[in-house]
A.B. asks: 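Structure below; questions to follow.
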Amino acid sequence: MMFDLPDSQTLYAALLARDAAYDGRAYVGVSSTGIFCRLTCPARKPKYENCQFFDTPGACIEAGFRACKRCHPLSAAAGNDPMVQSLLAALDQRPAYRWAEGDIVALGHDPSTVRRAFKRQFGITFLEMARQRRLREGFTALGAGEPVIAAQIDAGFDSPSAFRAAFARLVGIAPGAFRKDAQLLVDWIDTPLGAMLAVACQHRLHLLEFADRKALPREVAKLQKRQPGGLGFGRPAVTDQAAEELARYFSGQTARFETPLAYHGTAFETEVWRALRDIPVGQTRSYGALARDLGRAGASRAVARANGANQIAVMIPCHRVLGADGSLTGYGGGLWRKQRLIEIERSLAAAATEPAQRAKA
C-alpha cells in the first residue's frame with residue numbers, strides 16, 4: 001500500500017530524477033492534468049503540490065486519473081502478458097463501450113483468468129477499469145446541466161439503466177432522482193489527493209468526501225434522512241469557498257478553513273468534531289487522549305465511533321487521530337491519504353515556526 005512507500009518528498013525527488021528504481025512500484029497522479037504517469041515519464045514535470053503518489057495503476061484510476069499517452073503506465077505494468085496487453089489495446093480502441101464478461105469471452109479469454117491477471121497487475125479488474133473511465137465524464141455532464149440521457153451518452157453507457165446503476169453505486173442515488181428545486185447541491189472538487197464530492201446549500205457545507213470512498217452512498221443516504229428535500233446538481237458560493245480553501249491547503253499555504261459547516265450528528269458527535277478542529281495543525285492525538293481532552297476519560301471507543309461518523313473530510317480533521325501506539329489506524333479515505341494529510345500539516349506547522357526560530361537566532 002502507498003503508506004509503505006517512501007514519503008511524498010522522496011517520491012517527488014525520484015520523479016524529477018526519473019529514477020527507474022521506482023518503475024512498477026510507484027505512480028504519480030497530476031491533479032492539474034488529470035493524468036497519471038510512471039516516475040520515469042519524459043513529460044514536463046509537474047509542481048509538487050499537484051502530485052499525488054500511488055502504488056498501483058488501479059489506485060490512480062479509482063482516484064479519477066487517466067493513463068498518460070507518453071509513458072503508457074498501464075502497458076508498462078502489464079509487462080509481457082499478451083492477454084493483458086491485448087485487452088488494454090481493445091479498451092483504448094473502445095473507451096466508451098460498456099464492456100461485459102461476454103466481450104472478454106468473444107476475444108478468446110477466460111473471464112476468471114482476466115480478473116486475476118488485472119487484479120494482480122493493477123489492483124482492479126478489467127471491467128472495473130472500464131467502468132471508472134466512463135463514470136466521471138457522466139458526472140461532469142450532469143453537473144453542467146445536461147439531461148440524464150446526454151450524460152449517459154457522454155459516459156459511454158449503452159442504456160439509461162446501466163448508467164443509473166453505475167452512478168447509484170458511486171453516490172448512492174440514481175441520477176434521475178436529482179431534483180432541480182433541491183436545496184442541497186452536489187458538485188465535484190478536484191484536489192491533489194483525488195476528486196472530492198461536496199454537498200452544500202446556499203449557507204453551509206453538509207458533506208465533503210473523497211469520491212472513491214466506499215461508504216459514500218451510505219453517507220449520502222444518511223444526509224438525505226437528516227436533511228429532506230432531495231439533492232440537485234450545482235455549485236453554490238459555499239462550494240466555491242471550500243474549493244478555494246482546499247486549494248490553499250494542498251498548496252501548503254494555510255490550514256485555516258472558514259467555510260461554514262453543517263454538523264449532522266448527535267450532540268456528542270458534534271462535540272468530538274469540534275474538538276478535532278481544535279487539535280493544532282501538525283499535531284495528532286490518540287482516541288484516548290481526545291476523550292480525556294473532552295473530559296470523558298474511558299470513552300475512547302465512543303470517540304472513535306464519532307470520529308468515523310464524520311462526513312466532512314479534511315476540514316473536520318479526523319485524520320489527526322492515531323492509534324494508541326502511533327499507528328495510522330483506519331481512515332475512510334485510505335491510509336495513504338491520511339499519511340499525506342499529516343505530512344502536509346507537519347510542513348505547514350514547520351513553516352509557521354521558522355520566522356520565530358530565525359528571530360531567536
Side-chain angles (χ1 to χ4, degrees), residues 1-6 11 14-15 18-31 33-43 51-138 155-158 162-163 165-166 169-170 194-195 211-212 214 334-336:
M1 296 182 72
M2 175 61 215
F3 55 88
D4 290 327
L5 293 176
L11 290 170
L15 172 66
R18 296 192 176 99
D19 189 344
Y22 289 95
D23 237 11
R25 293 182 54 214
Y27 302 84
V28 59
V30 184
S31 61
T33 63
I35 291 172
F36 76 92
C37 305
R38 301 157 64 185
L39 300 196
T40 54
C41 183
C51 296
Q52 60 186 102
F53 296 93
F54 303 88
D55 57 352
T56 67
C60 298
I61 293 169
E62 289 180 337
F65 295 98
R66 61 187 184 279
C68 174
K69 293 184 178 180
R70 293 194 66 180
C71 65
H72 303 287
L74 291 178
S75 297
N80 297 317
D81 189 328
M83 177 189 69
V84 175
Q85 292 281 12
S86 67
L87 284 169
L88 289 176
L91 183 56
D92 284 338
Q93 291 172 4
R94 306 178 72 185
Y97 180 64
R98 186 188 173 197
W99 291 86
E101 285 196 351
D103 299 302
I104 296 174
V105 173
L107 290 173
H109 306 299
D110 174 61
S112 61
T113 302
V114 169
R115 191 180 307 113
R116 287 194 300 271
F118 271 75
K119 286 288 285 187
R120 181 175 63 252
Q121 300 283 8
F122 307 114
I124 60 175
T125 69
F126 172 74
L127 296 181
E128 288 171 340
M129 183 181 291
R131 191 159 46 242
Q132 287 287 347
R133 287 177 63 167
R134 306 196 313 268
L135 267 181
R136 183 170 178 180
E137 292 182 14
F157 285 83
D158 291 336
F163 176 60
R169 281 193 293 272
L170 178 65
D212 58 357
K214 293 182 179 179
L335 292 181
W336 67 269

A.B. asks: Going by side-chain hydrogen bond (donor to acceptor under 3.5 Å, both in side chains), name the residues that satisfy it together with Thr56, two or more places apart in sequence or in a different chain.
C.D. replies: none
A.B. asks: Which atom names give the shortest non-hydrogen contact between Trp99 and Ala90, and what distance separates them?
C.D. replies: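 Nearest pair, atom of Trp99 first, then Ala90: CZ2-O, 3.5 Å.
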A.B. asks: Do Leu15 and Cys51 have side-chain heavy atoms sitting under 4.5 Å apart?
C.D. replies: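 A side-chain contact exists here, since the closest heavy-atom pair is under 4.5 Å.
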A.B. asks: Test your reading of the model: is there a side-chain donor-acceptor pair from Arg25 to the backbone of Asp55, 3.5 Å cut-off?
C.D. replies: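 Side chain of Arg25 to backbone of Asp55: no pair is present.
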A.B. asks: Please report the shortest heavy-atom distance between Trp336 and Phe53, naming the atom on each side.
C.D. replies: CE3-O, 4.0 Å
A.B. asks: Does Leu39 offer a backbone N or O that forms a donor-acceptor pair with the side chain of Arg18 under 3.5 Å?
C.D. replies: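 No.
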A.B. asks: Taking all atoms of both residues into account, what is the closest heavy-atom pair of Leu11 and Ala26, and its distance?
C.D. replies: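 Minimum heavy-atom contact is CD2-CB, 4.0 Å.
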A.B. asks: Rounded to the nearest 0.5 Å, what separates atom SG in Cys37 from atom CZ in Arg70?
C.D. replies: 9.5 Å
A.B. asks: A side-chain contact here means heavy atoms from C-beta on lying under 4.5 Å apart; do Leu91 and Met129 qualify?
C.D. replies: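 Touching, per the 4.5 Å side-chain cut-off.
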A.B. asks: Rounded to the nearest 0.5 Å, what's the gap from CD on Gln85 to NE2 on His72? Could you check?
C.D. replies: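 Here the interatomic distance stands at 10.5 Å.
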A.B. asks: State which residues pass side-chain hydrogen bond (donor to acceptor under 3.5 Å, both in side chains) with Asp110; sequence neighbours excluded, sorted by chain then number.
C.D. replies: Ser112, Thr113
A.B. asks: Using the rule given for side-chain contact (heavy atoms from CB on, under 4.5 Å), can you reason through Val28 versus Gln52, listing the C-alpha separation, both sets of side-chain angles and the distance that settles it, and then say yes or no?
C.D. replies: CA-CA 6 Å; Val28 59; Gln52 60 186 102; over 6 Å; no
A.B. asks: Do you know which two heavy atoms are closest between Tyr27 and Pro57, and how far apart they sit?
C.D. replies: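 Of all heavy-atom pairs spanning Tyr27 and Pro57, the closest is CE1-CD, 3.6 Å.
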A.B. asks: In plain terms, say whether Glu128 and Arg115 are close enough for a salt bridge, that is, a side-chain N and a carboxylate O under 4.0 Å apart.
C.D. replies: no
A.B. asks: Below 4.5 Å, heavy atoms only, C-beta onward: do Ser86 and His109 meet side chain to side chain?
C.D. replies: yes
A.B. asks: Indicate the atoms forming the closest heavy-atom contact of Pro73 with Phe36, along with that distance.
C.D. replies: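 The answer is CG-CE1, 3.4 Å.
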A.B. asks: Would you please name every residue forming a ring pair (Phe, Tyr, Trp, His ring centres under 6.0 Å) with Phe118, sequence neighbours left out?
C.D. replies: Phe122, Phe126
A.B. asks: How many angstroms lie between atom CG of Leu87 and atom CG of Asp103, to the nearest 0.5 angstrom?
C.D. replies: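 Leu87 CG to Asp103 CG: 10.5 Å, rounded to 0.5 Å.
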A.B. asks: Any donor and acceptor pair, going by atom type alone, linking the side chain of Arg38 with main-chain N or O of Cys71 inside 3.5 Å?
C.D. replies: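 Flag set: sc Arg38 to bb Cys71 pair under 3.5 Å.
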A.B. asks: Nearest heavy-atom pair of Ala117 and Val84: which atoms, and what distance?
C.D. replies: CB-CG2, 4.0 Å
